[in-house]
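Not measured: the values here are computed from a predicted model. The residues of the chain are indexed from 1 along the displayed sequence.
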Amino acid sequence: DQNAHPHQQGKVTLVHNGIIENYRELIADYDLQEILHSETDSEVVVHMMDYYYKKEKDLQKALERVITRIEGSYALCIVSTIEPDKVFIAKKDSPLVIGKTADASVAASDIPAILDYTKDVYFLEDYEIAILNKGNVSFFDQYGNPIEKEITTIPYDNEAAQKGGYDTFMLKEIHEQPRAILDTLNSKLKDGKIDLSDVGLSNEDIKRISHIYIVACGSAYHTGVVTQYVMEDLARVPVRVELASEFRYRRPILDKDDLVIVVGSKNTWNCQRCWFINSKRSG
């Protein structure tokens, strides 16, 4: 119970999904050693919110200050008795989706959690802030500048997003593999040919690839190992598989013609997506 969310300090309460990697430094910087109630990194954030609210007298500005100091991954949902009709949201690296109806708005870590309420959703980019109230969602960059977000309508219902009659999600995903492969390939087929132009890879770029790095965790890592054998056999290009949890802390030696394939789930859409990142581009 002591370490359970939500965490509260003063008039501010929050829940947090992710890891604040510099929480030890923050404890020292804000003299929190004697006032922390739990052993979690999350509690540090709520104390920082309370600290900056007292300086700024504005919850949004306090949140902007906080996200410039914390390092790591986070999906933050913050409420306060100061502005009880609002929920303040911020994210970096951790999944977060916002749903909207005519008279309500809701935030969650994945799409199935909100499909019973709405299929109209927004996705936040890293360092963006959202403010939710009953029938409206406002979006801001990390500096407090208003931004516009496009709404996405989810094309499936909650039942389809769940286990689909299978006993476990693993069984469901195993049986979905043929369809998932077809769906993935079909999304990149134009006039009967694979077209990766929408991810910035031309045929010339592909021909220049000298090495391929597959970055993944868990079962996706094992999929990467199998893919390594297939790619090296068919394409005759050296392939290396890396654990994502370790890769993020390294300074990998990448050539401008190397290709990094990061395998993961995009906002938990119940399918595996790949982002192809050409290392000669920034970001």
Say you draw a straight line from CD1 of Ile194 to CG of Leu185; how long is it, rounded to the nearest 0.5 Å?
5.0 Å
Minimum heavy-atom distance between Gln228 and Val239, given as atom pair plus value
NE2-O, 2.8 Å
Quick check on side-chain contact (heavy atoms from CB on, under 4.5 Å): which of Leu196, Leu259, Val237 does Ile206 satisfy it with?
Leu196
Going by heavy atoms in the side chains, are Ile20 and Val44 under 4.5 Å from each other?
no
Heavy atoms of other groups near Gln2 CD, more than 12 under 6.0 Å
yes
Test: ring-ring contact (aromatic ring centres under 6.0 Å, His included). Region: residues 209-239. Which pairs qualify, not counting sequence neighbours?
none
According to a hydrophobic-cluster definition based on side-chain heavy atoms being under 4.5 Å apart (Ile, Leu, Val, Met, Phe, Trp, Tyr only), do Val66 and Leu124 belong together?
no
Interatomic distance, Arg240 atom CZ to Ile214 atom CD1 [nearest 0.5 angstrom]
12.5 Å
Any donor-acceptor pair under 3.5 Å from Asp126 side chain to Asp93 backbone
yes
Check Tyr74 against Ser94 and note the closest heavy-atom contact, atom names and distance.
N-OG, 3.5 Å
Under 3.5 Å, side chain of Asn22 to main-chain N/O of Arg69, donor-acceptor pair present?
yes
If we ignore angles and hydrogens, is there a donor and acceptor under 3.5 Å between the side chains of Asp258 and Ser210?
yes
Check: Ser42/Thr40 side-chain N/O donor and acceptor closer than 3.5 Å:
no
Any heavy-atom pair between the side chains of Asp110 and Val97 that's under 4.5 Å?
no
Go through it in stages, so that I can follow the logic: the residues are Glu176 and Lys172, the test is salt bridge (charged side-chain N to carboxylate O under 4.0 Å, His left out), and I'd like the CA-CA distance, side-chain angles, deciding distance and then a yes or no.
CA-CA 6 Å; Glu176 285 179 343; Lys172 176 176 179 283; 2.8 Å; yes
Which atom names give the shortest non-hydrogen contact between Ile129 and Ala90, and what distance separates them?
CG1-CB, 4.3 Å
Within a radius of less than 6.0 Å around NZ of Lys149, do more than 12 heavy atoms belonging to other residues, nucleotides or ligands occur?
yes
Compute whether any side-chain donor of one residue and acceptor of the other, for Tyr122 and Glu128, lie under 3.5 angstrom apart.
no
Exercise: identify the closest heavy-atom pair between His47 and Glu43
NE2-OE2, 3.0 Å
Can you confirm whether Arg250 sits close enough to Glu242 that some side-chain heavy atom of one is under 4.5 Å from a side-chain heavy atom of the other?
yes
A side-chain contact here means heavy atoms from C-beta on lying under 4.5 Å apart; do Asp120 and Thr153 qualify?
yes
Output for pair (Leu14 CG, Met48 CE), nearest 0.5 Å, gives 11.0 Å
Looking only at non-hydrogen atoms, find the nearest pair between Lys61 and Asp58 and report the distance.
N-OD1, 2.9 Å
Scan the side chains in residues 132-139 for donor-acceptor partners under 3.5 Å anywhere in the protein, sequence neighbours excluded, and list what turns up.
from   : atom 1 : to     : atom 2 : distance (Å)
Asn133 : OD1    : Asn136 : N      : 3.1
Asn136 : ND2    : Ser138 : OG     : 3.3

Phe140 and Ile89: same hydrophobic cluster, using ILVMFWY side-chain contacts below 4.5 Å?
no
Connected to Leu234, directly or through other members, by ILVMFWY side-chain contacts below 4.5 Å are Val230
OH/Tyr51 to CG/Leu32 distance, rounded to the nearest 0.5 angstrom?
10.5 Å
Residue pair Phe88 / Glu83, side-chain heavy-atom distance below 4.5 Å:
yes
Tell me whether Tyr127 shares a hydrophobic cluster with Ile98, the cluster being built from Ile, Leu, Val, Met, Phe, Trp, Tyr side chains joined at under 4.5 Å.
no
Passes side-chain contact (heavy atoms from CB on, under 4.5 Å), Phe123 versus Thr152? Steps please.
CA-CA 8 Å; Phe123 298 110; Thr152 299; 4.1 Å; yes
Within this structure, what is the NZ-CD distance for the pair Lys92 and Glu125, rounded to the nearest 0.5 Å?
13.0 Å
Using the side-chain contact (heavy atoms from CB on, under 4.5 Å) rule, take Leu76 and Ile70 through it: C-alpha gap first, then chi angles, then the decisive distance, then the call.
CA-CA 12 Å; Leu76 295 168; Ile70 57 179; 4.3 Å; yes
What distance separates Lys86 NZ from Ile78 CD1, expressed to the nearest 0.5 Å?
13.5 Å
Applying side-chain contact (heavy atoms from CB on, under 4.5 Å), run through Met49 and Leu59 and close with a yes or a no.
CA-CA 8 Å; Met49 280 293 301; Leu59 285 172; 4.3 Å; yes
Is the shortest side-chain heavy-atom distance between Leu63 and Ile67 below 4.5 Å?
yes
Check the surroundings of atom CD1 in Ile19: do more than 12 heavy atoms from other residues, nucleotides or ligands lie under 6.0 Å from it?
no
For side-chain contact (heavy atoms from CB on, under 4.5 Å), just list the numbers for Asp41 and His16, CA-CA rounded to whole Å, side-chain angles, deciding distance to a tenth of an Å, and then say yes or no.
CA-CA 9 Å; Asp41 56 305; His16 164 232; 3.6 Å; yes
All heavy atoms of Pro95 vs all of Ser109, minimum pair found to be CB-O, 3.5 Å
Other residues, nucleotides, ligands: >12 heavy atoms within 6.0 Å of Tyr117 OH
no
Between Lys207 and Glu204, is the closest basic N to carboxylate O distance under 4.0 Å?
no
Are Ile174 and Ile181 grouped together when hydrophobic residues (ILVMFWY) are joined by side-chain heavy atoms under 4.5 angstrom apart?
no
Would you indicate whether Arg24, at its atom CZ, is surrounded by more than 12 heavy atoms from other residues, nucleotides or ligands within a distance under 6.0 Å?
no
Say whether Val15 and Val79 are linked into one hydrophobic cluster, either directly or through other cluster members, by side-chain heavy-atom distances under 4.5 angstrom.
no
